[in-house]
Amino acid sequence: MLDDIPHSYPTITARDIQAMIKVLRSGQVAQGQEVKKFEERFSQFLHVRETIATSSGTSALHLALLALDVKNGDEVIVPTYVCTALLNAVYYVGAKPRIVDVNYADFNISVSEVKKNLRSKTKVIIVPHTFGLPADLRPLLNLGVPLVEDCAHTIGAQYQGQKVGSWGKLAICSFYATKMMTTGEGGLVISNDLRVLNKIRDLRDYDHKDIYRVRFNYKMTDFQAAMGLSQLSYLSSWIRKRQQIAHAYTQQLRDCPIQLPQGGDGRQHIYYRYVIKVRKSKQRLLKQLKKAKVGCADPVYKALHRYLGLKGFPVAENLAKEAISIPIYPSLKKRHRQHIIKTLRSLLG
Ligand SMILES: *Cc1c(COP(=O)(O)O)cnc(C)c1O
């Protein structure tokens with residue numbers, strides 16, 4: 001009897017649990033030395049000046065926009081094929097989101113659409129590296145508008161030999177349960193810009209300040225940071241594991257009538273998601289996969305332009321009709337992987 005294969009699943013090791021227990025026994029559970037160590041280790045890992053741990057990816061994004069002085073009257077460019085966390089952060093600071101379409105090939109923000117939507121009020125472009133494949137950053141950097149890289153799917157991946165998160169003015173990451181690594185909930189701000197970093201450290205927590213201003217409680221706890229430190233020690237091997245699974249999928253699905261994910265041209269794919277495109281009957285296929293106990297999903301629940309009732313996003317509309325995300329995570333069992341391949345091959349004929 002085969003059990004249901006979840007679409008995504010966190011990998012939590014005995015060492016992660018031991019690390020957390022140690023902190024829980026210490027009496028110091030809120031933000032302290034473990035958070036500091038986590039930030040230092042992450043800065044070394046990414047080769048950046050500093051990182052700042054937060055309570056979530058959303059709070060990291062909120063702080064990032066505040067640190068860049070984004071406010072009422074400003075516009076922020078956001079791709080449509082993402083989760084609503086990005087939209088929320090833009091509205092938190094009172095700015096106007098300008099939603100743009102994505103590339104069909106790699107799901108990332110379309111540079112030509114960004115160019116068409118630049119205005120004098122454009123303050124920031126949020127650039128997610130979608131599903132584990134870095135966005136093409138060079139042409140975006142050349143536009144002269146500050147970039148906030150969203151590395152929630154792609155932490156540890158390289159663009160032109162340098163890790164994502166270190167290219168933009170700022171970057172953020174999420175450590176939600178099913179991301180590349182987890183602290184349950186959690187986030188990170190990444191930057192080389194000291195002024196921006198100081199502002200974010202100031203706004204992240206409210207106590208022991210000489211001057212009052214509106215601040216937040218967006219801190220990570222020390223037991224989460226202990227888990228994060230332990231998880232980070234596995235990240236590179238987990239990336240290799242994901243790439244191995246992806247390689248097996250690509251090898252064994254290549255003659256099916258579907259489009260497989262592609263990497264290349266200086267961009268390293270670390271397969272946060274393995275997204276295939278089917279030309280017909282996506283809904284039927286999803287039902288059949290569910291019956292076969294293969295947990296597949298729409299890679300994006302609902303594109304932002306649809307929530308906002310906007311028209312004219314042909315690529316994202318096509319992706320809504322065609323894209324299916326199949327299970328991929330470091331703890332995916334080999335027999336499950338084989339079942340997924342067998343099931344897809346037989347359903348796709
Ligand atoms: C998960 C995610 C976020 C939000 O992170 P939370 O930790 O859930 O707040 C932002 N951007 C992307 C691309 C994400 O996948």
Side-chain angles (χ1 to χ4, degrees), residues 7-10 35 38 42 51-66 70 76-93 97 99-100 102-103 106-109 124-135 137 140 147-157 159 164-165 167-168 170-190 200 204 216-221 224-225 227-228 231-232 235 242 269-275 297-304 307 316 319 323 325 328-329:
H7 171 247
S8 52
Y9 199 77
V35 168
F38 180 61
F42 235 114
T51 65
I52 301 174
T54 61
S55 54
S56 70
T58 302
S59 57
L61 207 46
H62 185 191
L63 293 175
L65 296 182
L66 288 170
V70 182
V76 177
I77 295 183
V78 179
T80 187
Y81 204 58
V82 295
C83 62
T84 53
L86 282 74
L87 197 55
N88 290 334
V90 175
Y91 285 132
Y92 291 167
V93 298
I99 312 297
V100 304
V102 294
N103 303 319
D106 70 0
F107 310 95
N108 278 314
I109 194 165
V124 164
I125 306 167
I126 304 179
V127 182
H129 301 294
T130 309
F131 306 147
L133 182 65
L137 288 166
L140 292 165
L147 304 186
V148 172
E149 291 177 73
D150 183 337
C151 305
H153 294 177
T154 307
I155 195 74
Y159 174 76
V164 297
W167 291 85
L170 267 170
I172 68 103
C173 188
S174 164
F175 306 121
Y176 173 69
T178 53
K179 301 291 163 97
M180 292 298 295
M181 53 169 273
T182 183
T183 59
E185 299 275 2
L188 196 72
V189 181
I190 302 154
I200 288 173
R204 176 181 54 177
F216 301 87
N217 182 354
Y218 282 167
K219 301 193 293 296
M220 180 183 274
T221 67
Q224 287 176 300
M227 180 178 183
Q231 289 258 311
L232 179 56
L235 182 58
R242 284 175 181 274
H269 205 322
I270 63 169
Y271 296 99
Y272 171 62
R273 294 282 186 239
Y274 193 94
V275 179
D298 246 302
V300 168
Y301 185 77
K302 186 170 169 175
L304 300 186
Y307 280 111
L319 293 176
S325 174
I328 190 164
Y329 33 91

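Residue indices begin at 1 and follow the sequence shown. What's counted below: heavy atoms across the whole structure, side chains too, no hydrogens, waters or symmetry copies. Order of appearance sets the numbers: ligands from 1, and atoms from 1 within every ligand.
- Considering backbone and side-chain atoms alike, Y176 places every N or O at 3.5 Å or more from each N or O of ligand 1.
- The two residues G228 and F38 have their closest heavy-atom pair at C-CE1, 3.4 Å.
- Between K179 and ligand 1, a contact under 3.5 Å exists for at least one N or O pair.
- Taking both residues in full, the closest heavy atoms of C151 and A171 are given as SG-CB, 4.2 Å, listed atom of the first, atom of the second, then distance.
- Shown here is F216, whose CZ atom has more than 12 heavy atoms of other residues, nucleotides or ligands within 6.0 Å.
- Under the side-chain hydrogen bond (donor to acceptor under 3.5 Å, both in side chains) criterion, H7 pairs with S325, sequence neighbours left out.
- The S56 neighbourhood of ligand 1 comprises atoms 7 (O), 9 (O), with distances under 4.0 Å to a heavy atom of that residue.
- Of all atoms in ligand 1, listed by their number and element, those nearer than 4.0 Å to a heavy atom of A85 are 4 (C), 10 (C).
- Distances from ligand 1 to the non-hydrogen atoms of L86 include at least one value under 4.0 Å.
- Under 4.0 Å from ligand 1, heavy atoms of T58 appear from its side chain as well as its backbone.
- With sequence neighbours excluded, the residues forming a side-chain hydrogen bond (donor to acceptor under 3.5 Å, both in side chains) with N108 are T130, listed by chain and number.
- The protein atom (non-hydrogen) at minimum distance from atom 13 (C) of ligand 1 is D150 OD2, 3.3 Å.
- Considering backbone and side-chain atoms alike, G57 places an N or O below 3.5 Å from some N or O of ligand 1.
- Among T183, I52, L188, the one residue that satisfies the side chain to side chain contact (heavy atoms under 4.5 Å, CB included) test with M220 is T183.
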